[in-house]
Amino acid sequence: MKPTNIQDPEYFHKVVDCQKACPAHTPVPEYIRLIAAERYTEAYMVNWESNVFPGILGRTCDRPCEPACRRGRLEGEEEEPVAICRLKRVAADNKGEVKHLMPQGPFVPNGKKIALIGGGPASLTVARDLAPLGYEIHLYDEWNKGGGMMRTQIPAFRLPESVLEEEVNYILDMGIHTHFNTYVSSLREILAKDYDAIFVGTGAPQGRNLPLPGREEADANIHIGIEWLAGVAFEHISSIGKKVIVLGGGNTAMDCCRTSRRLGGESVKVVVRSPFNDMKASAWEIKDAQGEDIPILNNMPPKEFVVENGRLKGVIFSHVKAEYDESGKRKLIPTGEPDTFIEADDVIIAIGQDNAFPWIERDLGLELGKWDLPVVDRLTFQSTLPQVFFGGDAAFGPENVITAVAHGHQAAISIDLFCRGEDIRTQRPAPTTNLVSQKMGIHEWMYDSSVADDERYDVPHEAKDKTLSDRKVEVELGFDTRLGYKEAQRCLNCDVQTVFNTSRCIECDACMDICPTSCITFTTNGEEEELRLRLSAPAINLEQDLYVSETLPTQRVMIKDEDVCLHCGLCAERCPTAAWDMQKFLYQVTKAGQTCSSLKA
């Protein structure tokens, strides 16, 4: 194998699994260390630079970082990852005053005007990145407040309004011109206002219907999930029948069933046509719903809404089982069991949502493709109408808040380059990175490198009778600072990299002897496939790289399996020549304004 090019910023980025997995590439270990040091305000600001909404996402993030966490894969199947999401909330809950640390307006105008259509996380991220650069930002939203789907689709018992208001207002207070209660019904009209660029962050606002027999007759008691949640959020809906069926197995279904319990639903059931293990809802959302006495019935597709005397009486379900072919594709096969009738006063349909662009005229040159989604460049987020950019769910279909934030950062870079007249593909700046040694003395490190078997700490919950009686009472209480510290200590500091200096190595093999996971091997070089099998411990995870040194004097090479390294620093402690060094790697995604031309200046 060729020696590893550790000058490539993406090599060490990949080793920091949690940060790599985060769509916004938030430097997770960096802020977790700050939490452990009780430097909550700094931890919050590290988050805010990347993910924009630390308090919101500390409660609601889909957490793609956690399945990637090294802690979860090193200590067996029973071990759980670090509670990264909940630690983010610790920083948000315990921070001091932060507004003075953020860009402060009024900013020097640059003469350019940008329209943002939709007030959700993607648009707000674009606003946050572009307003400090002097852009005049105009934000349009049909609701009377900003936040988009974070406000309309996430119930208050998971995301208190005060937290939402605080973080949305950090951005709006930058001098954003808001046009609330304004539904944009024509892109042509927006184009006529001569904005220098337009960003569309309207989400996926159309909930899917279920046109079964009886649907129209029982319309008064059949609700579309995301519309119903928005009605509750804006207090247009305050009650529901005692018997409720929620159709669907995603997070929206979980939010609908738990909200139903709080609005008067005494017998609330979730019915899913797929097997339990195929449900799209996050495991913690399912667990919380079940903890509120909501049964989940699987393998039961709905057949008919039963209506008597013009009123909904319930739903008839059939029964299926799942079969999977060699490619994993699922097929639902009828079992032949008798149909099941379940009584219901109300039914909530939460089986997915789609984009909808009835307000975009088809003769403007903006191309819409498959599923009526806009044709958008995945690097630049530019549409086929050059001055119009898309992001969040509006660009490629439903995802999540942190993905919308990531889109917003990248779209802001494109809009800034576009307005400067620069090439939005070739002028995109690379991420900024650095490596800094963590060694202070012979046996002292600037971070805590102890590794222990610690179980993940549970997040305390408010009493169930209290939360079920008021939909605005937050269920999760969050870690206090004591639990936050303990959970932070479970982080393995994967961003503190083991950097090997071939010229200093005397090939004593001491590092190999002391390594607790046998991830270091000195051996003759070879092809990767056979080399992986003859290391001190076979490197079987092909998705994780091998770190290969230059050839040593004995013609051997040092191979380190990045998959199982604990970043404990014992190799560097033991090395008599400092051939190993623990170096903190900081990787930051570039934001708008840091263009190639400005970086050169």
Side-chain angles (χ1 to χ4, degrees), residues 23 113-127 130 137-143 148-149 152-153 179 182-211 224-227 230 250 252 280 349 351-401 403-419 423-425 428:
K113 282 201 315 181
I114 309 296
L116 309 178
I117 303 176
S123 292
L124 291 169
T125 302
V126 174
L130 293 184
I137 308 291
H138 290 255
L139 185 149
Y140 295 83
D141 195 279
E142 65 178 307
W143 300 105
M149 58 78 63
T152 62
Q153 295 178 34
H179 305 265
T182 303
Y183 177 76
V184 173
S185 58
S186 168
L187 180 57
R188 191 189 305 280
E189 291 180 7
I190 296 292
L191 289 168
K193 294 179 184 294
D194 289 331
Y195 288 106
D196 293 282
I198 297 167
F199 177 80
V200 179
T202 51
Q206 184 169 287
R208 290 182 189 157
N209 199 354
L210 196 58
I224 301 297
I226 59 172
E227 296 173 4
T252 299
K280 293 181 178 177
I349 301 172
I351 57 173
Q353 55 199 85
D354 296 312
N355 298 71
F357 300 105
W359 54 279
I360 294 180
E361 293 85 354
R362 273 32 181 183
D363 61 350
L364 298 174
L366 196 155
E367 186 179 348
L368 296 164
K370 193 175 182 182
W371 297 311
D372 212 29
L373 284 169
V375 176
V376 177
D377 187 298
R378 286 194 173 269
L379 174 67
T380 67
F381 294 87
Q382 188 179 44
S383 73
T384 53
L385 201 58
Q387 71 272 43
V388 180
F389 298 79
F390 285 74
D393 292 355
F396 308 113
E399 289 279 358
N400 50 43
V401 175
T403 300
V405 168
H407 289 181
H409 284 312
Q410 294 305 310
I413 291 173
S414 298
I415 292 170
D416 183 40
L417 289 167
F418 178 80
C419 290
D423 191 304
I424 67 172
R425 295 190 71 84
R428 303 184 81 80

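Note that the numbering runs from 1 along the sequence shown for the chain. All figures in this text were calculated on a predicted structure; none of them were measured in a lab. Note: hydrogens, waters and symmetry copies are ignored here, and every other heavy atom, side chains too, is used.
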What pair of heavy atoms forms the shortest contact from [X] to [Y], and how long is it?
X: G397; Y: N355; result: CA-OD1, 3.5 Å
X: G369; Y: V375; result: N-CG2, 3.9 Å
X: S123; Y: I117; result: OG-O, 3.8 Å
X: P121; Y: A404; result: CG-CB, 3.9 Å
X: L368; Y: F357; result: CD2-CD1, 4.4 Å
X: A356; Y: P358; result: C-CD, 3.2 Å

Quiz item: According to the salt bridge (Lys or Arg N to Asp or Glu O under 4.0 Å) rule, which pairs have a member within residues 388-398, sequence neighbours left out?
Solution: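 Output for this query is empty, none listed.
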Quiz item: Below 6.0 angstrom between ring centroids: does that apply to H407 and F390?
Solution: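 Distance test on ring centres: not under 6.0 Å, no.
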Practice problem: Can you label the angle between the Y140 ring and the H179 ring as parallel, tilted or perpendicular, going by 30° and 60°? | Solution: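 Judged by the thresholds at 30° and 60°, the geometry between Y140 and H179 is parallel.
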Quiz item: Only one of R425, R428, Q382 forms a side chain to side chain donor-acceptor pair (under 3.5 Å) with S414, so which one is it?
Solution: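 The residue from R425, R428, Q382 that satisfies side chain to side chain donor-acceptor pair (under 3.5 Å) with S414 turns out to be R428.
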Exercise. List the steps and the verdict of side chain to side chain contact (heavy atoms under 4.5 Å, CB included) for L364 and L191.
Key: CA-CA 10 Å; L364 298 174; L191 289 168; 4.0 Å; yes
Self-check item: Intermediate values then yes/no, side chain to side chain contact (heavy atoms under 4.5 Å, CB included), L116 and V126
Solution: CA-CA 8 Å; L116 309 178; V126 174; 3.8 Å; yes
Quiz item: Do L130 and I137 come within less than 4.5 Å of each other through their side chains, counting heavy atoms only?
Solution: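 Answer yes - side chains close enough.
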Reported [atom1]-to-[atom2] distance for the pair [X] and [Y], which is rounded to 0.5 angstrom:
X: L187; Y: I360; atom1: CG; atom2: CD1; result: 5.5 Å
X: I351; Y: K280; atom1: CD1; atom2: NZ; result: 10.5 Å
X: C419; Y: K113; atom1: SG; atom2: NZ; result: 12.5 Å
X: I415; Y: I424; atom1: CD1; atom2: CD1; result: 9.5 Å
X: L385; Y: I198; atom1: CG; atom2: CD1; result: 7.5 Å
X: M149; Y: I226; atom1: CE; atom2: CD1; result: 9.5 Å

Quiz item: Pairs in or reaching into residues 200-211: which pass side chain to side chain donor-acceptor pair (under 3.5 Å), with residues at least two apart or in two chains?
Solution: R208-D354, N209-R215
Practice problem: State whether the number of non-hydrogen atoms from other residues, nucleotides or ligands found under 6.0 Å of R362 atom CZ is greater than 12. | Solution: yes
Practice problem: Walk me through it: do S383 and V200 pass the test side chain to side chain contact (heavy atoms under 4.5 Å, CB included)? | Solution: CA-CA 10 Å; S383 73; V200 179; over 6 Å; no
Quiz item: Looking at Y195, F381, F418, F199, which one forms a ring pair (Phe, Tyr, Trp, His ring centres under 6.0 Å) with F389?
Solution: F418
Quiz prompt | Residue pair V184, I190: steps toward the side chain to side chain contact (heavy atoms under 4.5 Å, CB included) verdict | solution = CA-CA 8 Å; V184 173; I190 296 292; 3.7 Å; yes
Quiz item: Cut-off 3.5 Å, side chains only: do S186 and E361 have a donor facing an acceptor?
Solution: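 Yes, side-chain donor-acceptor contact under 3.5 Å.
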